[in-house]
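Just below is one structure, and these are the notes that go with it.
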Amino acid sequence: MEMEQSSGSDHHPAPFFPWDLLPFALQESILSLLPVSTLALCQSVSRSWRSTIRSPTFLSSLRRRRRHADDLYLILFTDNFSRAAAYRPSGDRWLTLALPPSLFSPLASAGGLVVAEDDCGRLAVYDLFSGASLALLPNMASVLQPYALALIDEFPWPHYTIVAVSTGDRVYSQVFDSRSGRWELKGQFPGRFAVLGNAVLLDGLLLVLSQGPDHLLTFDPIGGDWNLIDVAMPPVVCSHIFDLEHCLFLVGGLEEVGCMARVGIWELDWPKKEWRLICFMPDGFFRKFGGRRLDHFETVARRGIVCFYNTLDAAVLMFDLPARRWWWPPPCDVITRSRMFWFGHAIEPRIDLLKGSSGR
């Protein structure tokens with residue numbers, strides 16, 4: 001619809017009100033609507049903005065609010081670990097993220113942190129948004145080749161906990177606390193598993209997916225207690241668990257005659273102790289995602305946004321669980337496909353990024 005242009009004498013420009021004259025509480029309310037990644041850049045606008053953003057009252061209000069959708073980045077690919085291709089679901093676009101020089105093999109992530117092996121095979125913790133290496137971890141107790149299972153990003157920042165496990169005739173666990181700066185052997189579980197897969201923190205407990213055989217375990221990072229949840233697992237491959245609003249979900253592929261026939265998502269019904277099917281990947285999406293052949297796929301999920309990756313055809317498919325929406329992201333154009341390696345972690349900038357830098 002076309003609108004008539006008023007004459008110059010009738011034109012009244014919008015009133016201008018200097019930012020610095022706004023009440024401080026109103027400044028905080030306006031800025032709190034922005035994602036942390038944008039606030040990190042806004043600190044460079046002026047001393048006034050930087051002072052407001054770094055104020056204790058503003059940072060405290062940010063900690064109480066829900067995570068902003070624009071703060072979710074899926075770090076999916078890397079080119080020899082010098083830089084990464086990050087997909088931002090809210091904007092449906094790819095970004096380039098420079099990686100810390102020593103980062104080599106990512107193992108677990110939480111918030112904006114990643115625990116990874118460095119180029120010398122040592123465990124280290126990195127903040128991918130600031131590009132800093134936060135800590136080089138001391139050696140773990142040598143118990144059947146332990147590996148990092150989970151990273152727990154704690155409040156108050158910058159504290160974190162790392163859980164490492166060893167599997168053999170039983171599960172041995174040890175926990176690193178950034179406050180003490182040391183590992184502590186915590187707990188054993190008398191079960192033989194080929195490997196412990198991914199883990200999520202739910203209501204203070206770490207829920208862990210085991211493979212070979214497939215079970216759901218819980219681990220208390222504080223007390224060191226392991227337990228087996230009495231629930232039958234769906235007969236799936238490429239399984240992956242994630243949480244959303246205190247609920248637990250499972251992603252997996254169903255095979256028929258040796259071929260993957262479907263990819264589904266289940267929710268754990270805690271009172272009934274059973275997995276309830278939520279949905280299958282729609283047929284049209286599944287055929288395109290499967291490409292030449294679907295032998296194996298990877299999953300990355302955070303806050304209900306699920307990314308599927310076909311490791312053979314390099315196909316990427318997205319799913320928004322709360323909205324029940326499937327979509328194809330645009331092709332990754334920030335890294336050459338011939339140099340593309342899977343990274344596979346979801347990160348969100350930590351609020352303490354606002355206290356010490358102006359962002360990237």
Side-chain angles (χ1 to χ4, degrees), residues 105-110 115-117 121-123 125 137-154 160-243 246-255 266-276 296 298-299 301:
S105 179
L107 301 171
S109 61
V115 58
E117 289 185 353
R122 301 166 299 183
L123 280 184
V125 177
L137 305 185
N139 292 331
M140 292 182 276
S142 181
V143 182
L144 298 174
Q145 297 181 328
Y147 56 91
L149 174 70
L151 171 64
I152 302 171
D153 197 8
E154 297 183 13
Y160 54 87
T161 298
I162 299 170
V163 177
V165 295
S166 307
T167 55
D169 59 337
R170 61 183 55 231
V171 176
Y172 297 91
S173 48
Q174 46 192 310
V175 176
F176 176 84
D177 188 331
S178 64
R179 295 174 177 86
S180 65
R182 62 185 180 86
W183 291 95
E184 180 182 354
L185 288 170
K186 276 193 178 181
Q188 302 178 21
F189 184 77
R192 180 183 290 273
F193 304 102
V195 68
L196 297 187
N198 77 297
V200 298
L201 187 70
L202 191 62
D203 298 329
L205 288 177
L206 201 63
L207 283 93
V208 183
L209 191 63
S210 74
Q211 297 170 358
D214 295 351
H215 287 293
L216 186 64
L217 310 174
T218 64
F219 176 68
D220 180 357
I222 298 176
D225 298 320
W226 285 92
N227 286 288
L228 177 69
I229 297 180
D230 183 21
V231 56
M233 302 297 293
V236 298
V237 296
C238 307
S239 54
H240 183 94
I241 55 174
F242 66 95
D243 67 300
H246 303 285
C247 297
L248 186 68
F249 296 87
L250 169 73
V251 172
L254 293 174
E255 292 185 323
W266 291 259
E267 179 182 356
L268 182 58
D269 186 326
W270 289 98
K272 294 183 178 180
K273 294 292 182 65
E274 64 182 24
W275 290 97
R276 178 173 58 90
H296 182 82
E298 299 283 355
T299 304

Review point. What's the spacing between Ile229 CD1 and Asn227 CG if we round to 0.5 Å?
Key: 8.5 Å

**Study point:** Neighbour count >12 (heavy atoms, 6.0 Å) for atom CD1, Ile222
**Key:** no

Point to revise | Under 3.5 Å: donor-acceptor pair, side chain of Asp214, backbone of Pro235 | key: no

Check your understanding: Considering all heavy atoms of both residues, which atom of Gly181 and which atom of Pro138 are nearest to each other, and what is their separation?
Key -> O-CG, 3.7 Å

Check your understanding: For Ala108 and Leu151, which heavy atoms make the closest approach, and how far apart are they?
Key -> CB-N, 3.9 Å

Study note, to complete from the structure: Here the ring pair (Phe, Tyr, Trp, His ring centres under 6.0 Å) pairs for residues 199-231, sequence neighbours left out, are Phe219-Trp226

Review point. What residues form a side-chain contact (heavy atoms from CB on, under 4.5 Å) with Glu274, not counting sequence neighbours?
Key: Asp269, Lys272

Practice item. Nearest 0.5 Å please: distance from the CG atom of Leu209 over to the NE2 atom of His240. Key: 9.0 Å

Point to revise | Interatomic distance, Glu117 atom CD to Arg122 atom CZ [nearest 0.5 angstrom] | key: 11.0 Å

Point to revise | Interatomic distance, Leu216 atom CG to Asp230 atom CG [nearest 0.5 angstrom] | key: 11.0 Å

Point to revise | Side-chain heavy-atom pair Leu217, Leu196 within 4.5 angstrom cut-off | key: yes

Hey, can you pull the donor-acceptor pairs under 3.5 Å for the side chains in residues 201-208, sequence neighbours left out?
from: Asp203; atom 1: OD1; to: His246; atom 2: ND1; distance (Å): 2.9

**Study point:** Test ring-ring contact (aromatic ring centres under 6.0 Å, His included) applied to Trp183 - qualifying residues, sequence neighbours left out
**Key:** Phe176

Check your understanding: For the atom pair CZ (Arg192) and OG (Ser210), what is the distance rounded to the nearest 0.5 Å?
Key -> 13.5 Å

**Study point:** N/O donor-acceptor pair under 3.5 Å between Ser173 side chain and Gly187 backbone
**Key:** yes

Exercise for review: List in chain and number order the residues that pass ring-ring contact (aromatic ring centres under 6.0 Å, His included) with Trp266, two or more places apart in sequence or in another chain; answer none if no residue qualifies.
Suggested key: none

Point to revise | For the student: nearest non-hydrogen atoms of Cys247 and Glu267, plus distance | key: SG-OE2, 3.5 Å

Point to revise | Main-chain N/O of Asp177 paired to Ser180 side chain as donor or acceptor, under 3.5 Å | key: yes

Exercise for review: Using the ring pair (Phe, Tyr, Trp, His ring centres under 6.0 Å) rule, collect all pairs that involve residues 184-204, keeping only residues at least two apart or in two chains.
Suggested key: none

Revision key, fill the gap. In terms of heavy-atom contacts, Met140 and Ala164 come closest through SD-CB, 3.3 Å

Revision key, fill the gap. Nearest heavy-atom approach of Ala232 to Trp275 is O-CD1, 3.2 Å

Practice item. Identify the two heavy atoms, one from Ala199 and one from Ala150, that lie closest to each other, and give their separation to 0.1 Å. Key: CB-CB, 4.3 Å

Check your understanding: Does the side chain of Tyr147 reach to within under 4.5 Å of the side chain of Thr167, using non-hydrogen atoms?
Key -> yes

Review point. Looking at CZ of Arg179 and OH of Tyr160, how far apart are the two atoms once the value is rounded to the nearest 0.5 Å?
Key: 11.0 Å

Exercise for review: Identify which one of Val175, Asp225, Asp220 satisfies the side-chain contact (heavy atoms from CB on, under 4.5 Å) criterion when paired with Lys186.
Suggested key: Val175

Check your understanding: What's the verdict on side-chain contact (heavy atoms from CB on, under 4.5 Å) for Ile162 and Val125, showing C-alpha distance, side-chain angles and the deciding distance?
Key -> CA-CA 10 Å; Ile162 299 170; Val125 177; 3.7 Å; yes

